[in-house]
2 protein chains.
Amino acid sequence: METQDAVAALAALAQETRLEIFRLLVAAGATGLPAGKIGEHLGLPSATLAFHLKELKHAGLVTFTRQGRSLIYAAVYHRMNALLGYLTENCCQGNPAACGLPAPRKEPA
Amino acid sequence: METQDAVAALAALAQETRLEIFRLLVAAGATGLPAGKIGEHLGLPSATLAFHLKELKHAGLVTFTRQGRSLIYAAVYHRMNALLGYLTENCCQGNPAACGLPAPRKEPA
DNA sequence: TCCATATCTCCATTCATATGGAAATATAAT
DNA sequence: ATTATATTTCCATATGAATGGAGATATGGA
């Protein structure tokens with residue numbers, strides 16, 4: 001992952017509402033959640049929700065597929081993985097132990 | 001680490017200049033770097049540099065100590081560690097393997 | 001076709017962030 | 001004391017992000 005992409009992903013997650021959306025989608029797993037359910041869970045007006053989903057989508061952290069009239073959103077794990085890889089490689093002295101982490105498996109995505 | 005702190009740390013790193021400052025400090029290791037050297041490396045006007053250092057400091061990602069008339073800045077590794085811990089725990093289904101990572105050692109800081 | 005549902009786009013408004021010149025503060029040296 | 005160095009704070013400005021109402025678009029069902 002390049003620095004530009006890392007900045008985009010970090011910016012997408014650096015907002016309470018969006019971080020909560022992402023966490024909810026992670027918890028929902030591979031099946032994902034329709035936009036409506038997300039808004040319901042977090043009590044968000046539709047326009048606000050759409051705005052944040054667009055940001056996450058733009059950063060590559062979520063995708064969606066249509067199912068009837070619902071759009072089902074899901075977390076993109078490999079993107080999160082790539083972000084964690086970037087951070088451990090670039091912000092832990094190339095030595096993850098410096099940040100208390102075990103050796104990372106080389107970023108695949 | 002709480003969600004609030006994670007958002008603050010993410011926001012601090014979600015900016016190209018600040019991410020570069022932090023990476024530079026990580027590379028510099030425990031001895032750190034005087035503010036002036038950082039600005040020199042990255043070609044930043046002093047006011048801009050001071051602004052970003054304040055943001056990083058506020059997020060707990062850097063500290064500084066005075067040495068003569070220089071302020072020596074250094075990366076706070078345990079904070080980065082805590083952020084990575086938060087992300088793997090909360091954004092990888094509580095299952096780091098979902099993000100291609102080995103099991104994390106429990107966040108100590 | 002007509003209506004209901006799910007979600008988005010448009011827009012105005014508000015608030016926060018980023019940038020950098022200029023002046024202020026702190027330390028050191030002569 | 002005075003001057004030089006290192007860095008910060010102050011301030012104005014420009015740019016971008018967040019919020020949410022209202023209307024547009026897409027799909028499915030009667």
Side-chain angles (χ1 to χ4, degrees), chain A residues 3-25 28 31-76, chain B residues 3-25 28 31-76:
Chain A
T3 296
Q4 293 280 80
D5 299 312
V7 169
L10 288 166
L13 296 174
Q15 211 278 351
E16 184 137 24
T17 302
R18 279 198 297 270
L19 186 54
E20 279 174 5
I21 292 173
F22 188 75
R23 294 219 291 154
L24 194 60
L25 289 177
T31 33
L33 277 179
K37 287 289 172 201
I38 300 173
E40 215 172 277
H41 266 276
L42 304 179
L44 298 172
S46 61
T48 301
L49 176 64
F51 168 77
H52 288 304
L53 284 173
K54 189 155 78 168
E55 296 285 302
L56 286 167
K57 188 172 43 171
H58 189 249
L61 286 165
V62 307
T63 34
F64 64 92
T65 53
R66 182 173 284 280
Q67 194 164 303
R69 46 194 134 172
S70 293
L71 296 187
I72 313 290
Y73 282 86
V76 176
Chain B
T3 295
Q4 294 280 79
D5 299 311
V7 169
L10 288 167
L13 296 175
Q15 211 277 350
E16 185 136 24
T17 302
R18 279 197 298 269
L19 186 53
E20 279 173 8
I21 292 172
F22 189 74
R23 294 218 289 154
L24 193 61
L25 289 177
T31 34
L33 277 180
K37 287 288 172 201
I38 301 174
E40 215 172 278
H41 264 278
L42 304 179
L44 298 171
S46 60
T48 301
L49 175 64
F51 168 77
H52 288 304
L53 284 173
K54 188 157 78 167
E55 296 286 300
L56 286 166
K57 187 173 45 175
H58 189 249
L61 285 166
V62 307
T63 35
F64 64 93
T65 55
R66 180 175 285 279
Q67 195 165 301
R69 47 195 132 170
S70 293
L71 297 187
I72 312 289
Y73 281 84
V76 176

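None of the values given here were measured: they were computed from a predicted structure. First the proteins, then the strands, lettered A, B, ... as listed; each starts at 1.
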Original post:
For the pair made of CZ in Arg69(A) and P in dT27(D), what is the distance, rounded to whole Å?
Top reply: 11 Å

Original post:
Heavy atoms, side chains only, cut-off 4.5 Å: are Phe64(B) and Leu71(B) in contact?
Top reply: yes

Subject >> Atom pair distance, as rounded to whole Å: NZ in Lys37(A) and P in dT7(C) >> reply: 10 Å

Original post:
Within this structure, what is the CG-to-P distance between Leu44(A) and dT7(C), rounded to whole angstrom?
Top reply: 13 Å

Subject >> Watson-Crick or G-U wobble partner of dA14(D), both distances under 3.5 Å >> reply: dT17(C)

Original post:
Given atom CG of Leu33(B) and atom C1' of dA6(D), what is their separation to the nearest angstrom?
Top reply: 15 Å

Original post:
For Leu13(B) and dA18(C), what is the distance between atoms CG and P respectively, to the nearest whole Å?
Top reply: 12 Å

Subject >> The single option from Leu53(A), Thr65(A), Leu33(A) passing side-chain contact (heavy atoms from CB on, under 4.5 Å) against Tyr73(A) >> reply: Leu53(A)

Original post:
What is the distance, rounded to the nearest whole Å, between atom CD of Glu20(B) and atom P of dA18(C)?
Top reply: 14 Å

**OP:** Check whether any side-chain heavy atom of Glu40(A) sits under 4.5 Å from a side-chain heavy atom of Lys37(A), and report yes or no.
**Re:** yes

**OP:** Round to a whole Å and report the spacing from CD1 of Ile21(B) to C1' of dT7(D).
**Re:** 14 Å

Could you tabulate the donor-acceptor pairs under 3.5 Å formed by side-chain atoms of residues 5-22 of chain A, not counting sequence neighbours?
from: Gln15(A); atom 1: OE1; to: Thr17(A); atom 2: N; distance (Å): 2.9
from: Gln15(A); atom 1: OE1; to: Arg18(A); atom 2: N; distance (Å): 3.2
from: Arg18(A); atom 1: NE; to: Ala12(A); atom 2: O; distance (Å): 2.7
from: Arg18(A); atom 1: NH1; to: His52(A); atom 2: ND1; distance (Å): 3.1
from: Arg18(A); atom 1: NH2; to: Ala11(A); atom 2: O; distance (Å): 3.3

Original post:
Under a 4.0 Å heavy-atom cut-off, which of residues 47-66 of chain B touch DNA chain C?
Top reply: Ala47(B), Thr48(B), Phe51(B), His52(B), Arg66(B)

Original post:
Between Gln15(A) and Leu71(B), which has a closest nucleotide on DNA chain D that is more 5'?
Top reply: Leu71(B)

**OP:** Mark yes when over 12 heavy atoms from residues, nucleotides or ligands other than Lys57(B) sit less than 6.0 Å from its NZ; otherwise mark no.
**Re:** yes

Subject >> Side-chain N,O (Tyr73(A)) to OP1/OP2 (dA6(C)) below 4.0 Å >> reply: no

Original post:
Does OP1 or OP2 of dT7(D) have a side-chain N or O of Ser70(B) closer than 4.0 Å?
Top reply: yes

**OP:** Measure across Ala75(B) and Leu25(B) and return the closest heavy-atom pair with its distance rounded to 0.1 Å.
**Re:** N-CB, 4.0 Å

**OP:** Identify the two heavy atoms, one from Gly60(B) and one from Val76(B), that lie closest to each other, and give their separation to 0.1 Å.
**Re:** O-CB, 3.5 Å

Original post:
Side-chain N or O of Arg18(B) less than 4.0 angstrom from OP1 or OP2 on dA18(C)?
Top reply: yes

